[in-house]
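Shown next, in C-alpha cells, is the structure this report addresses.
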Amino acid sequence: MMRLPPTEDRVAALERLLGDPRDRTKPLSNAAVLAADRRGELPLGGEPTLASYGLHEEFVPRELGGRLTGLDAVARLLRAVCRRDSALGRGYGAASLLPALCGWHYGNEEQRRALAAILREGGRLTAAPREAPTGGAGVRATPGPDGLTLDGRTSARLNIPRADAYVVLAQHTDGSGDTLLLLPREVLPTDCVREVPGQDLPAMRRLSVGELHFDGWPVPPGRVLGTAGQGSAAVVRAQQMARPLVPAMAIGSADTALRSVVCVALGGGEAGQALSSRYAQEVIASAFVDLLIADCLTLATIRSLHLLPDRSSLWSAASTYLGHRLLQQSTGDLLPVLAHARHDGVGYGTFRKHLIDLAELPPGPTGAAAALSSLVPQLATLARRSWTPRAGGGAEVAELFHLHDALPPLDAERLKVAAADDPLTSLLADPEALLDAAPALGPHAEAVRARTAALSGQLRELAAECRELPERDPSVLANPRGYALAERYTLLAAAAACLGVWRHGVTRTGCPFLTEPAWLTAALGRICLRLGLPGAEPGGEDTDALVAHVVARYHQGRSLDLYGTVLGDVTPNAEVPGQPPAPQPQQAGGRV
C-alpha cells in the first residue's frame with residue numbers, strides 16, 4: 001500500500017485544480033460559478049475537475065483501494081469544493097458518503113468490494129432513509145419464505161437518477177423492524193428509478209433528484225446490509241458520522257460569502273466606502289468570529305468520531321444545530337454592508353448565491369429540531385454525572401483540538417446514541433485551571449477570564465435546571481423548556497471548543513493570528529451575547545485587529561477558517577487576472 005500524502009498536501013492539490021476563485025479566467029471562479037447558477041446549472045468543468053483530482057477515491061477506505069483514512073480529510077476537501085459551489089460539493093461528494101459509510105461498516109466483504117469498485121470508477125451512491133414521501137407510506141418490506149418483497153416509494157433524494165447503487169431502509173409490514181438494503185441499479189426493475197423536476201424542490205436546485213418506486217418487487221439474495229430487522233440502528237450510526245460534515249461544508253459557503261463582502265467593500269467607488277463604516281467593520285468582524293466558533297465546534301466533533309465515539313453523539317447534534325445557525329445568521333447580517341453595491345456585480349451576486357446556498361444546506365428546520373431532540377433526553381444524565389471539574393480535561397480531550405494530527409480508524413460499533421458523560425463541555429467547569437495552563441492572554445486576560453467565568457456560571461445554572469428533569473425521559477421532548485435548555489447547551493459546548501482550540505490547538509496550527517487572544521475574546525463575547533450574559537460588547541481594538549486580519553487573508557488569497565488555506569494556484573498577494581490590483585492591507589494580528 002503506497003504512502004498517502006498528508007491531508008494538507010491533498011487539500012493544496014485540490015485547491016490548485018479548482019483555481020483562484022477571484023480569477024475570472026478559471027472555470028470554477030466566482031464569476032463562472034455565478035453564471036452557471038443563474039442558468040440553473042452546475043458549473044461547466046466542475047465535475048470533471050473533481051474527477052481528475054479523484055475526489056471519489058477519498059470516500060473509499062485505503063484497504064479497498066481508496067484514500068479514506070479519517071473524516072477530517074473528507075471535511076476539508078468538501079469544504080474546498082463548497083467554497084466554490086455547495087451544489088457541486090453535495091452532488092459529487094456528500095450525497096455518496098452516507099450510503100458509503102453504511103456499506104463500509106455494515107456490509108460483508110463482497111458488498112464492500114462492490115461499493116468500492118463503483119466509487120473508484122467515479123460512480124454515485126444514494127441513501128433513501130425510511131421517511132415517507134408526501135402523500136405516501138415510504139418503502140415497505142413484506143417478509144416471506146423466499147425473502148423480502150418491496151412496495152411503496154422513497155422520498156425525493158439527490159442523485160437517484162444518476163446513482164449506480166442505492167442504500168434503502170425498508171419498514172417491515174409485520175412490525176418486526178426495518179432492514180437496510182444495498183441495491184445495485186442493474187438489479188432493479190426498469191421503471192423503478194424516476195426523476196423529479198428539480199424546480200419543485202428549491203433546496204436541491206441544480207441537482208439531479210428522483211424517487212425509487214417499488215411494486216411487489218422481490219429482493220434478490222445477498223442484498224441485506226447488516227442484520228435484517230435492525231436497519232435503523234445502522235442508519236443512526238452512519239448519520240452520526242456523516243452529519244458533522246454538513247457544518248464543515250457550510251463553513252466553506254460562509255467563507256466565500258464573507259470574502260465576497262470584503263471584495264465589494266474594498267472595490268472602490270461608492271461601494272468601496274463600506275469598509276470605512278464602523279457598522280460594517282463590526283458586522284464583518286462578528287461574521288468572521290462566528291465562522292471560527294463554528295469551525296472550533298466542528299473540528300472537535302469530527303475528531304471525536306474517531307477519538308471519543310461513545311461521546312460524539314452530543315457534539316454531533318450540537319454542531320449540526322448550532323454551526324449552521326451561526327453561519328446563516330451572521331452571513332445574513334452582512335447584507336446591509338452591500339447596500340451601495342452594484343446588484344449585477346460578481347461580488348454581490350456571489351454573496352447572494354452563497355447566502356441562498358446556506359439556507360438550502362441541511363439540516364433545515366426539521367433536522368435542527370431533530371438535533372435538539374436527541375440532546376434533550378441526555379441533559380439530566382449529563383447534569384448528574386458530568387459538567388464538573390473532574391469530568392473535563394485530560395489527554396483524550398486535548399486531542400480533539402489538534403488540527404493536523406492523524407486519527408485512528410473509525411469504529412461504528414463504538415458509537416453510542418447517548419453519552420454517559422461530557423468531557424468537552426466540562427472544560428468550562430474549571431476555567432481557571434484551563435486558562436492558567438493556556439498561552440498568555442496579555443491585555444485580554446481580564447476580558448477572557450470574566451467571560452469564561454460567566455460561561456462557567458451559566459453551565460452551573462444549566463446543570464441545576466437539568467437535574468430537575470426526568471432522566472432519559474422522552475416526554476420532555478414535548479416541553480419547549482427542554483429545547484431551550486438544549487440550545488443553551490450547544491452554545492456552551494461551542495464555548496468549550498473555542499477554549500480547547502486556544503489551550504491545545506493554536507500552537508499547532510501554524511497560524512500566528514490564532515495564537516493572539518483577540519479572536520478568543522471576541523468568540524467568548526459572541527457566545528455570551530447569545531446567552532444574554534452581561535459584558536459581551538466587543539472592544540474597538542479587537543474589531544480593528546479582526547477586520548485587518550480578514551482583509552489581509554483576502555488579499556493573500558486565503559480561507560477565513562481555522563486553517564487559512566491558500567485558495568487556488570496563485571502566490572498570496574499576487575495580482576489576480578480580471579481584478580484591479582488590491583491595496584495592501586494594514587497588518588494587524590500577525591500574518592497567517
| field | Step-by-step side chain to side chain contact (heavy atoms under 4.5 Å, CB included) determination, I293 to L297 | value | CA-CA 6 Å; I293 294 171; L297 183 56; 5.8 Å; no
| field | Pairing of E63 and R112 as salt bridge, 4.0 angstrom limit | value | yes
| Sidechain N-carboxylate O distance under 4.0 Å for E396, R311 | yes
| query | How would you list, by chain and number, every residue that makes a salt bridge (charged side-chain N to carboxylate O under 4.0 Å, His left out) with D72, sequence neighbours excluded? | reply | none
| request: Just do the side chain to side chain contact (heavy atoms under 4.5 Å, CB included) check on L68 and V60 with the steps written out, would you? | output: CA-CA 5 Å; L68 175 61; V60 179; 5.6 Å; no
| query | Shortest non-hydrogen contact from L305 to M241? | reply | CD1-O, 3.5 Å
| field | side chain to side chain contact (heavy atoms under 4.5 Å, CB included) evaluation trace for Y106 with Q111 | value | CA-CA 9 Å; Y106 297 100; Q111 291 168 332; over 6 Å; no
| message | Do the side chains of E15 and R83 get close enough for a salt bridge, i.e. N-O under 4.0 angstrom? | response | yes
| field | Candidate list K353, R206, R352, test side-chain hydrogen bond (donor to acceptor under 3.5 Å, both in side chains), partner D37, passing option | value | R206
| Working for salt bridge (charged side-chain N to carboxylate O under 4.0 Å, His left out), residues E360 and R90 | CA-CA 11 Å; E360 294 176 348; R90 293 172 70 192; 5.3 Å; no
| field | H402 and H504 aromatic ring geometry - parallel, tilted or perpendicular at 30°/60° bounds | value | perpendicular
| query | Without hydrogens or angle criteria, can the side chains of E8 and Y563 be said to hold a donor-acceptor pair below 3.5 Å? | reply | no
| request: Mark yes or no for whether R10, through its side chain, and R76, through its backbone, hold a donor-acceptor pair below 3.5 Å. | output: no
| message | Strictly below 4.0 Å, N to O, side chains only: are D290 and R526 in salt-bridge contact? | response | yes
